[in-house]
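Proteins come first, then strands; the chains are lettered A, B, ... in the order of their sequence lines, and each starts at number 1. These values consider heavy atoms only, across backbone and side chains, with no hydrogens, waters or symmetry-generated copies.
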There are 2 protein chains.
Amino acid sequence: MKKVTINSVASYAGVSKKTVSRVLNNEPNVSDATREKVLKVFKELDYTPNPIARGLAQNRSFIIGCLYDNPSKSYITRVQTGALAACHELNYNLLIHPCELRGEELISNIEHLIQTSRLDGIVLTPPFSDFPELVSFLKSKKIPYARVASAVLEDDSISVRSNDEQGAFEITEHLIKLGHKEIAFIKGHPDHSATEQRFKGYRRALASNGIEFDERLVEEGNFSYHSGVDSARTILDLNPRPTAVFASNDYMAAAVLKLATQMQLRVPDDISIAGFDNAPIARHIWPGLTTIAQPVEEMTQQAVKQLITHISDPQESPYQVTLEAKLITRESTAAIK
Amino acid sequence: MKKVTINSVASYAGVSKKTVSRVLNNEPNVSDATREKVLKVFKELDYTPNPIARGLAQNRSFIIGCLYDNPSKSYITRVQTGALAACHELNYNLLIHPCELRGEELISNIEHLIQTSRLDGIVLTPPFSDFPELVSFLKSKKIPYARVASAVLEDDSISVRSNDEQGAFEITEHLIKLGHKEIAFIKGHPDHSATEQRFKGYRRALASNGIEFDERLVEEGNFSYHSGVDSARTILDLNPRPTAVFASNDYMAAAVLKLATQMQLRVPDDISIAGFDNAPIARHIWPGLTTIAQPVEEMTQQAVKQLITHISDPQESPYQVTLEAKLITRESTAAIK
DNA sequence: CTGAAAGCGCTTACAG
DNA sequence: CTGAAAGCGCTTACAG
């Protein structure tokens with residue numbers, strides 16, 4: 001079977017390859033008759049343009065890189081799902097790039113990635129969305145980028161986020177309305193801007209309900225299950241013990257639940273537990289975790305879609321969107337007795 | 001800043017571009033002096049060859065596709081980690097392709113993928129590793145492929161698996177040695193060859209220990225948490241109730257644990273529970289799940305590495321390897337009282 | 001509205 | 001051991 005290229009199509013249709021190219025790219029200046037003729041030959045010969053040849057001529061790869069470093073596999077999968085959806089829609093490919101590096105090593109790693117893979121653009125997910133050195137490096141290299149779930153908004157970039165601060169506010173207020181006043185809080189990883197945002201929402205809810213903030217109720221976690229265990233140990237040993245715990249993500253909340261169960265505490269009767277993210281584990285344990293759901297796929301899809309649009313037409317104006325987070329109540333929180 | 005290409009390097013080094021190409025590809029027939037001179041210019045000019053131009057000339061994309069459809073995010077992430085490691089090592093890129101299609105739709109979807117993305121090869125992960133129609137389609141199209149965790153071994157393909165049957169045998173025997181005789185079993189998804197393998201191991205362990213197989217103790221699951229809940233409901237209502245449950249993966253085992261807890265059963269005092277896969281959830285719940293760990297990253301890495309090697313040099317002989325699975329005991333299983 | 005020429009950055013096949 | 005020419009399958013810039 002002979003390979004079918006733009007040349008076969010051109011000769012078969014009896015036109016020049018430039019004309020075929022015009023039809024391919026939906027360019028104007030082709031008569032309807034010619035266009036249809038060519039389109040028909042596409043089908044007959046089952047022609048698909050070679051993206052590599054296209055890439056060489058246009059100096060682009062049709063590849064978007066997706067950068068992440070997240071302990072939550074489900075979060076990563078959701079990010080990929082959204083990014084992939086946008087890529088498929090716009091005939092791009094997605095290159096995943098998990099990366100644990102920081103600082104200078106991170107920069108040189110990304111530089112190498114860009115140089116070897118010739119990415120057309122890069123989508124930054126937490127915690128990278130808010131790394132100033134990385135963002136300014138990409139700017140200096142003129143690599144288009146989009147940021148997902150970033151806390152910092154700049155004027156000239158593509159950024160799609162959801163409202164972490166508001167989500168944390170709502171879940172804290174949910175606990176307060178159930179009668180809780182001593183609500184412990186477990187922070188996330190300091191690299192993630194969400195950590196600060198969620199803490200702010202917690203404090204704002206306390207403040208707006210006239211509850212004094214108590215530093216002793218706050219523990220430093222890092223989003224991992226393991227850090228949740230450590231924080232839980234301290235919190236559950238507190239005297240008096242808080243009546244509720246709000247962990248900055250579901251893994252840490254699950255850790256609190258595990259430790260509470262081991263200590264013979266009944267959840268939610270003896271203590272209420274809330275998480276954040278609506279990870280699968282939130283409904284895979286018993287009792288199910290009250291948590292906050294964010295539209296991760298939607299955020300990433302919008303970000304990547306906008307990024308590709310920007311690559312194809314750099315005139316596009318900046319795109320900054322904030323999507324809503326949603327409170328999901330399950331069995332792990334209840335009214336105080 | 002001017003782009004640095006093979007031409008800039010050639011003129012800067014005072015050689016022809018063919019010579020530069022030879023150095024680039026580590027070909028013979030270049031004098032050591034010339035080679036070093038060129039290598040030096042590479043560094044000075046910070047030159048990296050353009051993979052797209054290379055791809056066009058060689059009619060290859062340097063892209064491997066990774067096909068999967070798995071409810072377990074952690075499994076997918078592990079697959080990706082292994083595949084990525086092999087790709088990085090051999091200067092390939094990885095294209096992820098989650099896909100829920102089956103039958104004809106699957107074939108045409110993959111055909112489209114291959115045609116538009118010009119993959120050089122494809123790595124099949126469960127359940128696709130054992131889809132005969134897909135495998136023969138790839139063969140007919142002469143697309144190199146490798147299979148991960150396949151049960152069926154063919155003579156002429158690349159296949160890296162771990163021993164599911166043996167793993168299931170060992171965990172069942174572990175339960176038997178703890179004194180259990182009535183051990184319920186929850187099957188996985190029928191599309192996955194592991195489902196049959198694990199069931200076989202379970203039956204072999206019963207047989208080799210003189211325990212009669214009881215069909216009423218077997219439930220059909222599909223690897224999802226939800227299916228585990230359904231199966232658990234039936235099993236835990238059995239009279240007499242089995243003293244142990246072996247679920248074909250950890251999600252379903254976690255579901256059994258949840259339901260048992262809701263029914264006020266103590267695990268492992270009242271009932272032992274075992275899973276398979278050593279997914280994160282196995283250690284994120286209390287009690288932790290006794291399970292079987294497979295070297296998923298290692299399997300995938302070997303498969304992809306071998307695949308790329310085969311692409312570069314189709315003379316390579318078939319590569320079939322079986323890696324060991326390992327029993328991990330946690331708190332969810334104990335001796336019968 | 002259409003096309004001939006040149007070029008993208010490499011490699012292949014050949015000649016010396 | 002080295003290189004000039006042609007080509008991979010497209011697009012760009014230009015001419016008509």
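Shortest non-hydrogen contact noted between A:Leu56 and B:Ile52 is N-CG2, 3.6 Å.
For B:Asn50, there are no side chain to side chain donor-acceptor pair (under 3.5 Å) partners at least two apart in sequence or on another chain. Not counting sequence neighbours, the partners of A:His97 by the side chain to side chain donor-acceptor pair (under 3.5 Å) test are A:Asn109. Residues that satisfy the side chain to side chain donor-acceptor pair (under 3.5 Å) test with A:Glu297, not counting sequence neighbours, are A:Arg78. Checked against side chain to side chain contact (heavy atoms under 4.5 Å, CB included), A:Asn26 has the following partners two or more places apart in sequence or in another chain: A:Arg35.
At the phosphate of C:dG3, OP1 or OP2 sits under 4.0 Å from a side-chain N or O atom of A:Ser16. For C:dC1, the OP1/OP2 oxygens have no side-chain nitrogen or oxygen of A:Thr34 closer than 4.0 Å. An OP1 or OP2 oxygen of C:dC1 is reached within less than 4.0 angstrom by no side-chain nitrogen or oxygen of A:Thr19.
One can place CZ of A:Arg60 at 22 Å from P of C:dG7, the figure rounded to the nearest angstrom. Protein atom CD of B:Glu36 is 16 Å distant from nucleotide atom C1' of D:dC1, rounded to whole Å. Counting to the nearest Å, the C1' atom of D:dT2 and the CZ atom of B:Arg35 are 13 Å from each other. In this structure, B:Asn7 places its CG atom 10 Å from C1' of C:dC8, rounding to the nearest Å. Summarising the geometry, the separation between CG on B:Asn29 and P on D:dC1 is reported as 6 Å, rounded to the nearest angstrom.
Toward the 5' end of DNA chain D, the nearer of the two residues B:Pro28 and B:Asn59, judged by each one's closest nucleotide, is B:Pro28.
For A:Gln302 and A:Glu298, the side-chain atoms include at least one donor-acceptor pair closer than 3.5 Å. No hydrogens or angles considered: nothing links the side chains of A:Ser74 and A:Thr77 as a donor-acceptor pair under 3.5 Å.
Of all nucleotides listed (C:dT2, D:dG9, D:dC1), D:dG9 comes nearest to the side chain of A:Leu56. Taking every side-chain heavy atom of B:Ser31 into account, D:dC1 is the closest of D:dC1, C:dC1, D:dC10.
A donor-acceptor contact shorter than 3.5 Å is absent between the side chain of A:Ser117 and the backbone of A:Leu119. For B:Asp120 (side chain) and B:Phe62 (main-chain N/O), a donor-acceptor pair under 3.5 Å exists by modelled atom type.
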Can you give me the dot-bracket string for DNA chain D, 5' to 3', counting Watson-Crick and G-U wobble pairs with both distances under 3.5 Å, using [ ] for crossing pairs and | for partners on another strand? |||.||||||||.|||
Report each atom pair, protein N/O against N/O of nucleotides 11-15 of chain C, whose distance is under 3.5 angstrom.
residue	atom	partner	partner atom	Å
C:dT11	OP1	B:Asn25	OD1	3.4
C:dT11	OP1	B:Asn25	ND2	2.8
C:dT11	OP1	B:Arg54	NE	3.1
C:dT11	OP2	B:Ser21	OG	2.5

